[in-house]
> 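Input: one structure, supplied below.
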Amino acid sequence: MVASSQVKRSRQALLSPESMEKNNTTVGTVAGTAFAETLRGVRCIRLSVRTDETTSPERQREADGIAAAALGIGFGEGEALREAVDLDVSASKIGPFDRPQLGGWLARPQDFDVLVWWRFDRAIRSMADMHELAKWAREHRKMLVFAEGIGGGRLVFDFRNPLDPMAELMMLMLAFAAQVESQSISDRVTGAQAAMRKMALRWRGGGQPPYGYLPAPMPKEHGGVGWTLVPDPDAVEVIERIIAELVAGLTPHAIAQGLNADGVLCPSEHWKAYKARQKNEADAAPAETDKPKKRPAQWRAHTITKILTNPAMLGWKMHKGAPVRDDHGNPVMATPEPILTREEFDQVGALLAPKPTAQKAPRRRRRHGARTRRRCCCASSTATDAAPACT
């Protein structure tokens with residue numbers, strides 16, 4: 001019991017901002033260690049959502065630069081810049097070694113001495129990932145730096161020297177806190193999405209909307225908060241063409257062939273093109289690459305049928321293939337401007353319904369092994385040797 005109390009007091013002292021400030025906010029280094037030479041650092045930046053302004057790459061770069069300057073760490077310049085930028089990458093789902101850019105640096109430990117993050121959650125979100133990262137740093141004798149730690153103090157784990165057991169305990173505690181926070185965020189997001197699904201006209205955003213619609217800010221007459229869906233003029237034009245050709249008697253297969261021949265983008269390619277336009281408006285045009293371009297996805301008959309029989313054409317919210325309904329059982333609307341009315345939707349459904357086929361008389365199957373007698377085509381009696389052969 002006494003030992004437990006001592007560990008508790010030691011842990012509290014270690015985690016206190018005053019202790020960090022007193023120790024120059026450096027954890028796990030040998031006392032009196034000075035950084036006499038410039039260390040080769042890799043500036044690590046991660047975002048779960050590219051549009052998240054609160055943890056923007058610029059803010060992370062600024063914090064990492066301040067910490068690096070204080071510790072004698074350089075990131076290089078120009079083509080020699082050492083930086084791992086992983087955008088739209090969730091730390092809860094993708095560990096450090098599997099991230100596109102950070103994973104590449106971790107595979108080349110000889111090219112740097114230090115990894116620098118803004119905060120702990122930019123690096124990991126689970127104790128398992130922290131264990132693997134610490135094991136890697138110990139094997140390759142690297143430093144892990146977090147520009148802003150508990151209470152705003154800087155955290156430096158120096159695996160080039162023997163690490164204090166209390167510092168290792170602190171790493172595990174921080175990893176545990178990050179994992180708990182990650183689970184809390186997941187629970188909050190799941191609950192918020194469930195509640196938002198029942199909000200009329202509210203679109204949660206972040207994903208691909210049903211074909212024919214685009215996300216747009218909520219109009220003021222409907223509250224002006226969040227996002228909703230509005231008809232996509234280009235996609236609606238394609239839908240109207242498909243319906244006109246169905247009325248003219250064309251099959252979904254023939255319509256799909258015509259759309260492909262005319263270079264009309266299918267739903268997935270249409271959404272990719274929209275996202276690319278949005279990105280280019282915010283960022284510079286992407287650099288050309290030598291990678292061969294993949295053949296774009298094509299229209300298929302089942303794609304046409306799936307689009308036109310989806311109740312989203314009526315403006316209904318859908319979740320896992322089923323309409324979202326309110327407490328009274330009524331469908332919840334996702335947009336104030338549905339593409340089709342109920343009458344039009346039913347008429348299109350009738351055009352796509354399988355056509356009835358005429359029933360044929362059942363064919364009598366010959367029993368396996370049954371013997372048949374040869375009949376004469378010119379007499380009802382069985383042919384004999386004296387009767388003429390049928391010609």
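No experiment lies behind these values; they were computed from the predicted model shown.
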> Any heavy-atom pair between the side chains of Trp117 and Ile124 that's under 4.5 Å?
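Not in contact.
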> Decide, yes or no, whether a salt bridge links Asp64 with Arg61 under the criterion of side-chain N to carboxylate O below 4.0 Å.
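A salt bridge is absent here (no side-chain N lies under 4.0 Å from a carboxylate O).
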> If you take all heavy atoms of Gly212 and Ile239, which pair is closest and at what distance?
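For Gly212 versus Ile239, the nearest heavy atoms are CA-CD1, 4.1 Å.
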> Does the side-chain contact (heavy atoms from CB on, under 4.5 Å) test come out yes or no for Arg241 and Asp262, once each step is laid out?
CA-CA 12 Å; Arg241 166 181 168 172; Asp262 293 341; 2.8 Å; yes
> Of the non-hydrogen atoms in Ala70 and Arg154, which two are nearest, and what is the gap between them?
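Where Ala70 meets Arg154 most closely, the heavy atoms are CB-NH2, 3.7 Å.
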> Taking all non-hydrogen atoms of both residues, which atom of Ala123 and which atom of Phe146 are closest, and how far apart?
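Scanning both residues completely, I find the closest heavy atoms to be CB-CE2, 3.8 Å.
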> Should Val116 and Phe75 be marked as a side-chain contact (heavy atoms from CB on, under 4.5 Å) after you check the CA-CA gap, both sets of side-chain angles, and the distance that decides it?
CA-CA 10 Å; Val116 182; Phe75 297 126; 3.9 Å; yes
> Report the distance from atom CD1 of Ile255 to atom OG1 of Thr303, rounding to the nearest 0.5 Å.
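Rounded to the nearest 0.5 Å, the CD1-OG1 separation comes to 12.5 Å.
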> Flag the pair Met318 / Pro210 as yes when at least one side-chain heavy-atom distance between them is below 4.5 Å, and no otherwise.
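The answer is no; the side chains never approach within 4.5 Å.
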> Please report the shortest heavy-atom distance between Asn260 and Trp299, naming the atom on each side.
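For Asn260 and Trp299, the tightest heavy-atom pair comes out as OD1-N, 2.8 Å.
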> Would Lys272 and Glu269 pass as an ion pair if we require N to O under 4.0 Å?
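Salt bridge present between Lys272 and Glu269.
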> Is the shortest side-chain N to carboxylate O distance from Asp158 to Arg160 below 4.0 Å?
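Yes.
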> Please give me the minimum heavy-atom distance between Met333 and Pro338, naming the atom from each residue.
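Closest pair (atom of Met333, atom of Pro338, distance): CE-CG, 3.8 Å.
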> Classify the angle between the aromatic ring planes of Trp105 and Phe112 as parallel (below 30°), tilted (30 to 60°) or perpendicular (above 60°).
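Taking Phe112 first and then Trp105, their aromatic rings stand perpendicular (interplane angle over 60°).
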> Does the side chain of Arg40 pick up a donor-acceptor pair with the side chain of Thr38 at under 3.5 Å?
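No, no side-chain donor-acceptor contact under 3.5 Å.
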> Tell me the closest heavy-atom pair linking Asn310 and Phe345, and the distance in Å.
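Nearest heavy atoms, Asn310 then Phe345: O-CE1, 3.4 Å.
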> Might you work through the side-chain contact (heavy atoms from CB on, under 4.5 Å) test for His270 and Tyr274, ending with a clear yes or no?
CA-CA 6 Å; His270 179 75; Tyr274 169 78; 5.6 Å; no
> Give a yes or no answer on whether the side chain of Arg82 reaches the backbone of Gly41 with a donor-acceptor pair at less than 3.5 Å.
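Pair found, side chain donor or acceptor close to backbone of Gly41.
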